[in-house]
Number of protein chains: 2
Amino acid sequence: MSQSKRQSSDNAIGARLREWRSEKGMTLAAVSARTGVASSTLSKIENELVSVSYYTLKRICDGLDIPIEEIINPDHKTFAPGRRAVTRANEGTVFRCSQYVYETHSTELSRKEMIPLIMTVLARTPDDFEDWNRHDGEEFILVLDGEIDFYSEFYAPVKLKRGDSVYFDSSMGHMCCSSSEEPAKMVSVCYDPRAHQQQDVSEFFSSGRLTVVRAE
Amino acid sequence: MSQSKRQSSDNAIGARLREWRSEKGMTLAAVSARTGVASSTLSKIENELVSVSYYTLKRICDGLDIPIEEIINPDHKTFAPGRRAVTRANEGTVFRCSQYVYETHSTELSRKEMIPLIMTVLARTPDDFEDWNRHDGEEFILVLDGEIDFYSEFYAPVKLKRGDSVYFDSSMGHMCCSSSEEPAKMVSVCYDPRAHQQQDVSEFFSSGRLTVVRAE
DNA sequence: CCAGTTTTTGTCGCATAGGAAACAACCGCG
DNA sequence: CGCGGTTGTTTCCTATGCGACAAAAACTGG
């Protein structure tokens with residue numbers, strides 16, 4: 001096959017590299033100098049005449065200060081099926097577990113990177129929980145109403161009042177208890193590195209990343 | 001070098017693949033069946049006796065449903081310097097631009113995946129803006145006080161009252177105007193695929209991904 | 001239009017990634 | 001013990017990625 005078109009199975013990496021280079025107005029030689037990869041090789045990679053090795057690809061990205069993800073993962077995934085979703089107050093889908101009532105917003109958008117929840121805290125003491133809550137990623141909580149005692153591993157409990165917020169590594173065990181008269185209310189936004197692979201929130205709930213018992 | 005230890009320049013990819021596999025309790029043959037990569041090859045890759053090609057690596061990750069980033073980018077970055085940050089109401093760092101007042105929370109944690117902001121909307125009509133707001137990633141907005149007219153490209157404007165929320169692709173032009181007596185207040189959480197690479201929020205602001213003029 | 005220069009592409013040789021199959025190391029289990 | 005069955009490793013071989021160098025193309029300015 002001397003030099004014919006080959007498997008473009010490394011979906012358009014070459015094209016993306018070339019695009020990057022032309023944007024920067026660099027020559028192959030310049031890229032070669034910065035990355036240590038031969039310019040002939042670069043040419044072949046850009047034209048997808050070879051299937052670049054991971055090691056070489058990494059050298060290129062490192063040398064050029066490109067986050068390798070940018071070259072590898074072009075799935076600039078826009079979530080489906082639209083690009084916007086509005087949820088009216090108290091009109092989200094409600095899930096209930098023993099200690100929280102979750103109201104999920106924007107459920108009609110799947111593949112979101114973040115999971116927004118309006119939560120009502122029923123628990124009043126840590127003893128109400130069997131175990132820590134724990135899920136991959138990060139979480140942001142802002143108290144909307146009432147008062148919350150926020151417990152987490154490695155840290156002392158902290159009391160959160162309306163308007164206070166906490167941001168934390170959610171793989172660290174955590175739990176919220178209401179310390180006010182009425183059940184406290186808060187907005188929680190979770191980021192899970194894998195969340196956007198899921199179709200919808202219920203999958204997120206049922207994946208075990210969030211412990212929830214029954215929907216209604 | 002027949003079969004001696006080679007360049008581990010593809011920093012521990014093999015180790016990470018092996019770890020993944022042993023967690024799942026799968027055999028090389030099973031992985032081979034799902035990925036189409038020969039088990040002998042898998043063995044060599046895991047033991048880092050070869051420098052895997054990108055194409056093969058992708059086949060493996062795709063077949064196993066591993067986000068390739070997870071294998072490539074092991075900086076399982078826990079944000080620094082702690083794992084939790086509490087911000088009291090009205091005690092965040094305030095940035096001001098012509099149409100919004102941003103109060104950023106959890107600023108002491110860098111490399112967060114999400115950027116939480118309490119925003120006060122000053123603008124009252126779309127004409128107050130020179131252009132759409134636009135930044136990579138996704139954004140979730142929940143109205144805390146007052147009333148907001150949410151404008152975005154491709155969609156009709158929508159009025160949001162207290163407790164209403166909107167989730168949208170923030171690369172789509174968008175803007176918020178206050179339609180209530182007093183300036184409206186909302187919480188906004190942005191996810192930017194590159195945010196966590198940044199040291200702190202001001203970098204996010206100054207990167208041009210969010211247009212903000214001066215801090216105070 | 002044509003040297004002189006820069007930039008890209010092609011050629012060739014060598015090292016090596018990857019697949020098939022043989023081999024080794026472990027298992028119970030009779 | 002020995003013997004199928006399973007799992008991981010090594011061997012052998014071919015296909016091919018990569019670098020050095022050469023040829024070709026694309027830009028120069030005069």
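By convention in this document, chain letters (A, B, ...) are assigned in the order of the sequence lines, proteins followed by strands, and residues within each chain are numbered from 1.
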What is the distance, rounded to the nearest whole Å, between atom [atom1] of [X] and atom [atom2] of [N]?
X: Met26(B); N: dG8(D); atom1: CE; atom2: C1'; value: 15 Å
X: Ile45(A); N: dT9(C); atom1: CD1; atom2: P; value: 13 Å
X: Tyr55(B); N: dG19(C); atom1: OH; atom2: C1'; value: 13 Å
X: Leu49(B); N: dT16(C); atom1: CG; atom2: P; value: 13 Å
X: Glu46(A); N: dT7(C); atom1: CD; atom2: P; value: 14 Å
X: Leu42(A); N: dG17(D); atom1: CG; atom2: P; value: 15 Å
X: Leu28(A); N: dG10(C); atom1: CG; atom2: P; value: 12 Å

**Message:** Does dT8(C) have its OP1 or OP2 closer than 4.0 Å to a side-chain nitrogen or oxygen of Arg21(A)?
**Reply:** yes
**Item:** dG19(D) OP1/OP2 closer than 4.0 Å to side-chain N/O of Arg59(A)
**Value:** yes
**Asked** For the residue pair Phe168(B) and Tyr155(B), is the inter-centroid distance of their aromatic rings smaller than 6.0 Å?
**Response** no
**Asked** What class does the angle between the rings of His105(A) and Phe140(B) fall in, given that below 30° is parallel, 30 to 60° is tilted and above 60° is perpendicular?
**Response** perpendicular
**Message:** Parallel, tilted or perpendicular, judged at 30° and 60°: which one describes the rings of Phe129(B) and Tyr100(B)?
**Reply:** tilted
**Message:** Given dA17(C), dC18(D), dT8(C), identify the nucleotide with an atom nearest to the side chain of Thr27(A).
**Reply:** dT8(C)
**Item:** Nucleotide of dT9(D), dA17(C), dG18(C) approaching Arg18(B) most closely (side-chain heavy atoms)
**Value:** dT9(D)
**Prompt:** Does the pair Trp132(B) and Tyr151(B) meet the rule for a side-chain contact (heavy atoms from CB on, under 4.5 Å), with working shown?
**Reply:** CA-CA 9 Å; Trp132(B) 294 108; Tyr151(B) 294 84; 4.0 Å; yes
**Asked** Given Leu57(A) and Ile72(A), is the side-chain contact (heavy atoms from CB on, under 4.5 Å) satisfied, shown in steps?
**Response** CA-CA 10 Å; Leu57(A) 182 59; Ile72(A) 279 175; 4.2 Å; yes
**Item:** Nearest-nucleotide 5' precedence on DNA chain D, Ser53(B) against Ala29(B)
**Value:** Ala29(B)
**Item:** Exceeds 12 heavy-atom contacts within 6.0 angstrom, atom NZ of Lys24(A)
**Value:** no
Check nucleotides 20-29 of chain C for protein N or O atoms closer than 3.5 Å to its own N or O atoms and list the pairs.
unit_1: dA20(C); atom_1: N6; unit_2: Ser40(B); atom_2: OG; d: 3.0

**Heavy-atom pair of closest approach, residues Arg134(A) and Met172(A)** = NH1-C, 4.1 Å
